[in-house]
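All chains are named by letter (A, B, ...) in the order of the sequence lines, taking the proteins before the strands, and each is independently numbered beginning at 1. The structure presented is a predicted model; accordingly, all values stated were derived computationally and were not measured.
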2 protein chains.
Amino acid sequence: MPTRRADSARPATTHDVARRAGVSQATVSLVLGGNPRARVSAQTRERVVRAAGELGYRPNLVARGLVQRKSYAIGVMVPDLSNPFFLDVVTGVQRVAAEAGYAVLPGDVREVSPQRHLEALRARQVDGVILDGFGALALHEGALSGMKVVLVDEPSERWPGVASDAVGAGRLAAEHLLGLGHTRLAFAGPASDVHGLRMRERGFVQALRQAGVALPSERLRRVPPTVSGGLAAMKSLLGLPPAQRPTACFCAVDLVAAGALKACLTAGVAVPGAMSIVGCDDVELARVLTPELTTVRVPARELGARAARLLIRQLDDEGGSAPRAGRPLPVKLVVRGTTGPV
Amino acid sequence: MPTRRADSARPATTHDVARRAGVSQATVSLVLGGNPRARVSAQTRERVVRAAGELGYRPNLVARGLVQRKSYAIGVMVPDLSNPFFLDVVTGVQRVAAEAGYAVLPGDVREVSPQRHLEALRARQVDGVILDGFGALALHEGALSGMKVVLVDEPSERWPGVASDAVGAGRLAAEHLLGLGHTRLAFAGPASDVHGLRMRERGFVQALRQAGVALPSERLRRVPPTVSGGLAAMKSLLGLPPAQRPTACFCAVDLVAAGALKACLTAGVAVPGAMSIVGCDDVELARVLTPELTTVRVPARELGARAARLLIRQLDDEGGSAPRAGRPLPVKLVVRGTTGPV
DNA sequence: CGTATTAGCTAATACGTATCATCATATGCC
DNA sequence: GGCATATGATGATACGTATTAGCTAATACG
């Protein structure tokens with residue numbers, strides 16, 4: 001009890017392996033460490049590998065990180081992980097990060113402020129950060145100084161980013177509804193200044209204007225990007241006098257569309273008979289609803305995957321110049337059950 | 001270009017602070033490091049704090065972790081983060097972990113095997129792991145050897161854990177449906193050997209048996225714990241000859257219930273008129289559906305929070321004995337729109 | 001006044017790995 | 001055989017922090 005022997009519960013280190021294999025710690029590091037092109041004879045290599053196996057050696061990434069000044073971890077921050085869209089983005093990041101040997105520290109911002117979260121990530125020496133859904137708000141802070149950053153759906157001069165064709169998304173929704181003969185249209189979108197969402201609205205409005213269709217402000221609803229936000233928006237739209245009441249509504253976020261649909265169904269308004277609804281994102285929920293939601297698919301996973309590739313390339317190229325963003329990812333209209341002719 | 005001066009972009013270290021404050025590195029560590037009860041004069045403390053502020057010093061958690069043999073990070077593994085229930089569990093963990101100064105590395109298992117993920121967590125020197133929804137499968141592996149572990153909804157002799165009253169959940173669902181006069185009942189649940197879900201089934205079956213109501217195997221459906229699983233299950237139940245067709249169904253997972261509901265609605269089967277449906281979990285989705293889902297609320301966040309507290313107490317008590325699990329968390333029937341009399 | 005105690009600070013070391021300069025040995029070539 | 005070179009392994013050092021033993025100066029005590 002008082003004396004504590006060499007604790008076998010303590011994980012084996014390169015020193016332990018070296019001792020057992022009869023070589024130096026440096027040699028062990030060369031054999032088991034990163035670069036496989038180290039000059040080590042096949043014989044000693046074999047001895048080291050065997051000893052490592054026998055001791056159950058696992059490299060300590062913390063120690064490695066300290067000396068290499070690299071943690072092989074990246075952070076990703078989104079506004080709300082409970083929105084499946086953002087979860088998909090993170091999943092996309094995770095997939096390519098895992099392949100490249102990077103861990104991902106996902107950050108929701110519901111619980112803790114972006115600034116604090118960024119500080120935590122920095123303290124843990126993440127090699128870079130992917131930011132999705134933050135307006136100029138968080139970006140102008142010096143909180144990002146000295147960090148490698150990739151933005152999602154947020155154009156910037158300072159940092160590279162990836163984006164989806166948000167304007168196109170709004171446009172597609174508008175054209176679809178116009179094509180069905182709707183002229184009294186409504187829009188429900190988040191009040192936030194998230195750039196991507198603003199662009200969806202802009203695309204929608206632009207297409208309407210080009211078609212000579214008006215979007216009066218009483219049919220514009222700015223609500224939180226949640227189901228209850230959509231619920232409130234549609235309730236209020238349904239309360240308009242018949243002459244102003246829309247026959248179709250574009251919701252810039254699927255969750256909002258889900259709320260809008262629910263408002264209609266509980267109010268006895270037939271969908272798509274009396275009200276057509278178009279969402280945007282194409283989250284899994286869209287196919288769970290009845291009727292299934294017509295929406296614009298935004299390739300969330302691909303968005304995340306590209307962001308991760310962009311960041312990791314930047315990291316592996318050892319301070320190489322930040323690569324420029326590619327073209328916006330195309331979006332696609334997916335017609336399902338919530339839209340129909342007037 | 002060739003010569004590289006002291007790079008001011010490199011974050012300040014305790015040495016830098018020490019130099020600027022005119023004290024030793026050790027003193028800086030005493031002032032800024034963990035324990036605030038270090039004996040340092042107010043004067044030097046002030047000098048150090050100011051110097052740190054001027055240099056924008058941030059402690060390097062990697063280095064600290066190396067010497068303290070503690071990373072202040074915990075891992076949490078769930079089967080599927082896209083299931084909001086598990087996301088809620090993780091959120092609960094995150095909340096209390098953040099308070100205690102721990103970071104959380106959430107792990108989905110859809111992309112990478114549990115074993116690989118555990119290895120990654122171990123390599124990053126996490127201080128402990130919270131495991132949810134893994135059967136005996138992953139547990140009997142030696143992959144957990146030497147790790148501090150807390151289980152969620154999975155009883156074990158070896159590791160402490162927290163649990164919800166899964167048997168009670170099944171029971172509540174049964175009693176509710178029996179109370180409405182249903183006697184031809186069905187069950188749809190995951191085929192997996194996840195213990196918590198099995199117990200939900202057991203509670204349901206037990207309560208039926210006590211009421212003298214049979215649950216013949218043709219009204220038992222084992223499907224993946226997803227929406228499409230529920231869809232398939234209900235489709236197949238609706239295909240039964242009228243004499244065998246159930247008038248109500250308990251789905252052990254809300255997602256399955258959502259699929260079941262959709263199957264009914266698209267088949268023109270009135271809910272709750274011709275079919276009552278009870279889910280389990282009470283995820284947000286339950287209130288998005290129309291009609292809203294009657295379900296049994298399982299306190300996911302609280303489950304995660306307790307698991308985190310259990311783990312962190314274990315960690316802070318410096319190898320203290322693993323605390324025993326408390327009582328199962330109570331569950332609660334939430335009657336909404338998918339159940340009604342026969 | 002001499003000694004014991006304490007407060008306040010520092011030098012040295014450790015954590016586990018990567019990496020570089022160095023050294024010993026083997027091989028090539030004329 | 002003698003020299004240049006390539007190969008294979010090692011010792012030493014660094015990464016940024018925590019921590020302990022120990023040192024100095026000041027204070028307490030008899």
Side-chain angles (χ1 to χ4, degrees), chain A residues 4 6-7 10-49 51-52 55-72 101 122-125 127 318, chain B residues 4 6-7 10-49 51-52 55-72 101 122-125 127 318:
Chain A
R4 180 174 293 257
D7 195 353
R10 191 124 90 199
T13 72
T14 45
H15 291 96
D16 301 328
V17 175
R19 203 171 310 123
R20 175 173 259 256
V23 300
S24 74
Q25 179 270 334
T27 303
V28 174
S29 178
L30 287 180
V31 172
L32 304 176
N35 60 345
R37 51 171 184 65
R39 305 180 317 182
V40 181
S41 76
Q43 180 180 333
T44 46
R45 182 182 295 271
E46 149 80 10
R47 287 233 308 277
V48 168
V49 169
L55 291 177
Y57 169 77
R58 310 275 171 219
N60 181 333
L61 291 191
V62 171
R64 176 178 294 178
L66 185 59
V67 44
Q68 293 198 140
R69 287 219 182 88
K70 191 142 192 249
S71 63
Y72 286 97
R122 163 173 270 152
R124 292 194 179 272
Q125 312 296 115
D127 299 328
E318 189 53 50
Chain B
R4 179 176 294 257
D7 195 352
R10 189 124 89 200
T13 72
T14 45
H15 291 95
D16 301 328
V17 176
R19 203 172 312 123
R20 174 173 259 256
V23 298
S24 75
Q25 178 270 334
T27 302
V28 174
S29 178
L30 287 180
V31 172
L32 304 175
N35 60 344
R37 51 170 185 64
R39 307 182 312 183
V40 182
S41 75
Q43 180 181 335
T44 45
R45 183 182 295 272
E46 150 79 11
R47 289 234 307 278
V48 168
V49 168
L55 292 176
Y57 169 77
R58 310 277 171 217
N60 181 332
L61 292 191
V62 170
R64 175 178 294 178
L66 184 59
V67 44
Q68 292 198 141
R69 289 217 179 88
K70 190 140 193 251
S71 62
Y72 286 96
R122 163 174 270 152
R124 293 194 177 271
Q125 311 296 114
D127 299 328
E318 189 52 50

### Message
Between dA9(D) and Q25(A), counting only base atoms on the nucleotide and side-chain atoms on the residue, is there a donor-acceptor pair under 3.5 Å?
### Response
no
### Message
For T27(B) and V67(B), find the nucleotide of DNA chain C closest to each by heavy atoms; which residue's nucleotide sits nearer the 5' end?
### Response
T27(B)
### Query
Could you give the distance from CG (L61(B)) to OH (Y72(B)), rounded to the nearest 0.5 Å?
10.0 Å
### Query
What is the distance from CZ of R124(A) to P of dT17(D), rounded to the nearest Å?
14 Å
### Message
Applying side chain to side chain contact (heavy atoms under 4.5 Å, CB included) to V28(B) and V23(B), what does each step give before you reach the verdict?
### Response
CA-CA 7 Å; V28(B) 174; V23(B) 298; 3.8 Å; yes
### Query
At under 4.0 Å, does any side-chain N or O of S29(B) touch on OP1 or OP2 of dT19(D)?
no
### Task
Would you indicate, yes or no, if dT7(D) has its OP1 or OP2 atom less than 4.0 angstrom from a side-chain nitrogen or oxygen of S41(A)?
no
### Message
Over all strands shown, is V62(A) touching base, sugar-phosphate only, or nothing at heavy-atom distances under 4.0 angstrom?
### Response
nothing
### Message
My understanding is that a pair needs two contacts under 3.5 Å, Watson-Crick or G-U wobble. By that rule, which nucleotide pairs with dT7(D)?
### Response
dA24(C)
#### Entry: Protein-nucleotide distance (L66(A), atom CG; dC15(D), atom C1'), rounded to Å
4 Å
### Message
With a 4.0 Å cutoff (strictly under), does any side-chain N or O of R64(A) reach OP1 or OP2 of dA18(C)?
### Response
yes
### Task
Using only side-chain N and O atoms of Q68(B), determine if any of them is under 4.0 Å from OP1 or OP2 of dT19(D).
yes
### Message
Does a side-chain N or O of T14(B) approach OP1 or OP2 of dT17(D) to a distance below 4.0 Å, or not?
### Response
yes
### Task
Measure the CG-CD distance between D127(A) and Q68(A) for me, rounded to the nearest 0.5 Å.
10.0 Å
### Query
Just to confirm, is there a sub-4.0 Å distance from OP1 or OP2 of dG16(D) to any side-chain nitrogen or oxygen of T13(B)?
no
### Query
Which nucleotide, dT19(D), dA9(D), dG16(C), lies nearest any side-chain atom of A26(B)?
dT19(D)
### Task
Measure the OG1-OH distance between T14(B) and Y57(B) for me, rounded to the nearest 0.5 Å.
5.0 Å
### Interatomic distance, R47(B) CZ vs dG8(C) P [rounded to whole Å]
14 Å
#### Entry: L66(B) CG to S71(B) OG distance, which is reported to the nearest 0.5 Å
11.5 Å
#### Entry: Upstream residue (5' side of DNA chain C) when V28(A) and A63(B) are each assigned their closest nucleotide
A63(B)
### Query
Looking at R69(B), does any N or O in its side chain come under 4.0 Å of the phosphate oxygens OP1/OP2 on dG16(C)?
yes
### Query
Starting at CZ of R45(A) and ending at P of dT7(D), how long is that distance when rounded to a whole Å?
14 Å
### Query
Counting only Watson-Crick or G-U wobble pairs whose two distances fall under 3.5 Å, which nucleotide matches dG1(D)?
dC30(C)
### Message
Rounding to an integer number of Å, can you tell me how far N60(B) CG sits from dC15(D) P?
### Response
12 Å
### Task
Using a cut-off of strictly less than 4.0 Å, decide whether S24(B) has a side-chain nitrogen or oxygen near OP1 or OP2 of dA11(C).
no
### Query
Quick one: is Y57(B) getting a side-chain N or O under 4.0 Å of the dT17(D) phosphate, OP1 or OP2?
yes
### Task
Whole angstrom is fine here: how far is it from CG in L30(A) over to C1' in dT19(C)?
8 Å
### Query
Can you tell me how far C1' of dC15(D) sits from NE2 of H15(B), to the nearest Å?
10 Å
### Task
Look at R39(B) and dA7(C) and indicate whether a side-chain polar atom (N or O) is within less than 4.0 Å of OP1 or OP2.
yes
### Spacing of CZ belonging to R19(A) relative to CD belonging to Q25(A), to within rounding of 0.5 Å
11.0 Å
### Spacing between R10(B) atom CZ and dA14(D) atom C1', to the nearest angstrom
11 Å
